Amino acid sequence: MKLFQKMGGSIHVRIVIFTVFMCAASAGVAYGLTLEDYLMTNYSPWIRPVHNTTTSTNVSLWVTVRQVLDMEEKKQLLTTYVWLRQHWQDEFLTWIPEDFGGLDEIRIPLKSIWTPDVMLFNSALEENAAINPLATLRHDGAVQWHTPVILKSTCTLNMDRFPFDTQICPLEFISWTFTTADIDLHAMTQPPDTRYYISNGEWELVDVSNVRDVDSYVVNGKESLFARVVFTMSLRREPLYYVICLLLPSIFISSVVLMGFLVPVESGEKVDTEIKVLLAFAVSLLLAADMIPPTADTIPFIARYYTFNIGITCLATMCNVIVERVHLRGMGKTLVPRHLKKVIVHVISRITFQHAEALETFPEFMTSDTPPATPHTLPPDKVGVHPNCYIVRPKNYKLKKSDSKNNMEMAKLNADAGESTTDPDDPECSGRDTTGRKEHRSEIELRLGQIESCLAAILRTTSTTEDDITNRKEWRFVARILDRVFFIVFGLAIGTVTCFMIPGPDRVAQLS
């Protein structure tokens, strides 16, 4: 019974509280309607709300950047999503809260009250539509209008360090019709707020700063001053995508240019390798053309890097043609100039770490005082099979008879069969040619003459062949020296230019 009474009492209390709330709400609505009638009586949204027309209306402006939606590099347009706040004082919209049930703040449609004609001065759209249609009005006449808005503005881009660039893009706000005598436009005194910034996949908001300027324009034939508030955004590009898609492929392809100098000349693929690299650069540049924004003011550094790589590849192709040309000079009778040999042995081979090979190829430049050990050789006019046993070539050929069969065989082996002579001190050479058959003398002389002619021709051919082989060897070494020199020069050039593409330590840390 007591529990039922408690429940019944609770229901009655709830009914009483609900009735009180309904009455209060009705009273609040009534006070609101009364306040609206009070404020809007004899009020015009077209008249600047000041009692003294010589005083200016202070308009405070603030922008909070929420997100960078798009950056159109080709058109140089920036689309941002911001929170826009404007505060001003309306002297005609004031009341005493106690007269209207304690109401000290109301929401009022923006189109019903006077609003400053503040607009984006560097706007790229006909109208940047605001989303919030209501303004907050306080009893002392303070009006606050906070609205999210999408702004599309112009931004002059500096693409010199693309894709490691930082862009400075302004948002310029100005009153289009009111001068500084009517509207005093300024930024709110508060630090930049980037807490609510939504990260963009390509752009990072580094800083937002503001400044107030006064510009002079000629209006209706007279000079007028207009207040302008500029919010400057510092946007830094995230370069990871461009590094992977543009920079690294170019570095890898440029390293293949150096490999062309390591291909042996005998393979015949040196020039073909460089031409293939040149085609790879051309295709890569066509793909990069869609990513690199075209600008007339500056050429992006990565575009200059691609141009350098294509130029260095063309030079490498021409250098490989020169190397092959030098290699083929050994096929002819042209000898390596002595001054070129001297430069290669004493200068170039030391730089390319091929000095030992150069001395081996050009032995006449050896500086050692001790000549290499050589076996005992015969005089140029003596030929024999033993150092102390030889046959002297007389001026007038005359064949002598010999009872020694060994000496006759020696005479037949000699190219210039002549008068045989032996060393008397050598026990191995004791035989003398004293007998012969006169009836065969003419035939033997004819045979030996033929043998002598054939051997002389063979000697000339052998000597010519050895000279040709030596000449080819020397020109082949000159071609290898040029290959090594070009490899070093092009490697230094490509490496130096590539180092300029590497960002600073802060950007490297950011990429990692």
Side-chain angles (χ1 to χ4, degrees), residues 251 253-278 281 307-375 377 380 460-500:
I251 294 176
I253 296 175
S254 63
S255 64
V256 181
V257 175
L258 301 177
M259 298 300 104
F261 296 110
L262 301 180
V263 177
V265 183
E266 295 80 3
S267 65
E269 296 292 333
K270 294 178 70 65
V271 178
D272 291 343
T273 301
E274 301 298 344
I275 291 177
K276 291 174 183 177
V277 173
L278 186 61
F281 267 123
T307 304
F308 166 79
N309 282 330
I310 292 178
I312 207 75
T313 306
C314 293
L315 289 178
T317 304
M318 290 187 283
C319 291
N320 277 287
V321 172
I322 294 174
V323 170
E324 290 196 358
R325 179 67 178 172
V326 170
H327 178 264
L328 292 177
R329 289 181 70 88
M331 300 298 180
K333 300 298 182 181
T334 306
L335 300 178
V336 180
R338 181 173 179 80
H339 65 274
L340 179 59
K341 294 181 182 179
K342 190 173 182 180
V343 171
I344 289 176
V345 171
H346 295 296
V347 180
I348 301 179
S349 62
R350 297 180 185 275
I351 298 175
T352 60
F353 305 100
Q354 293 174 294
H355 187 62
E357 188 178 355
L359 291 177
E360 182 182 350
T361 305
F362 307 116
E364 62 267 26
F365 291 95
M366 288 185 178
T367 58
S368 176
D369 297 334
T370 304
T374 57
T377 58
R460 287 195 300 270
T461 305
T462 304
S463 177
T464 304
T465 304
E466 290 178 353
D467 291 342
D468 291 342
I469 293 175
T470 302
N471 192 36
R472 291 185 192 131
K473 181 181 178 182
E474 290 178 353
W475 281 112
R476 190 181 300 115
F477 179 73
V478 173
R480 288 201 302 270
I481 280 283
L482 286 178
D483 256 340
R484 184 69 63 86
V485 170
F486 289 145
F487 178 84
I488 295 175
V489 171
F490 279 82
L492 290 176
I494 293 175
T496 302
V497 175
T498 303
C499 287
F500 282 102

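None of the values given here were measured: they were computed from a predicted structure. Residue numbers start at 1 and run along the sequence shown.
- Across Val326 and Ala479, no two heavy atoms sit closer than the pair CG1-N, 4.0 Å.
- Interatomic distance, Ile251 CD1 to Asn309 CG, rounded to the nearest 0.5 Å: 8.5 Å.
- The shortest distance between side-chain heavy atoms of Leu262 and Asp483 does not fall below 4.5 Å.
- Using a 4.5 Å heavy-atom threshold, the side chains of Val323 and Phe261 count as separate.
- Summarising the geometry, atom CZ belonging to Arg476 is positioned 11.0 Å from atom CG belonging to Leu328; distances are rounded to the nearest 0.5 Å.
- Taking CD1 of Ile322 as the reference point, atom CG of Leu482 lies at 8.0 Å (rounded to 0.5 Å).
- Put simply, the side chain of Ser349 gets close to the backbone of Ile344: a donor and an acceptor are under 3.5 Å apart.
- Summarising the geometry, atom CD belonging to Glu274 is positioned 10.5 Å from atom CG belonging to Leu315; distances are rounded to the nearest 0.5 Å.
- Two residues are said to be in side-chain contact when any heavy atoms from C-beta on lie closer than 4.5 Å; Phe477 and Val336 fail this criterion.
- With values rounded to the nearest 0.5 angstrom, Leu258 atom CG is found 9.0 Å from Ile312 atom CD1.
- Between the side chains of Thr352 and Gln354, at least one donor N or O sits under 3.5 Å from an acceptor N or O.
- Side-chain atoms of Lys270 come within 3.5 Å of backbone N or O of Val263 as a donor-acceptor pair.
- Here the side chains of Ile494 and Ser255 are not in contact, with every heavy-atom distance at 4.5 Å or above.
- Distance CD1/Ile481 to CD1/Ile351: 9.5 Å, rounded to 0.5 Å.
- Here the side chains of Lys276 and Thr273 are not in contact, with every heavy-atom distance at 4.5 Å or above.
- Looking only at side-chain heavy atoms (C-beta outward), Ser254 and Phe308 stay at 4.5 Å or farther from each other.
- Arg484 contributes no side-chain N or O that, together with a main-chain N or O of Arg480, makes up a donor-acceptor pair within less than 3.5 Å.
- Considering all non-hydrogen atoms of both residues, Trp475 and Pro337 come closest at CH2-CD, 4.2 Å.
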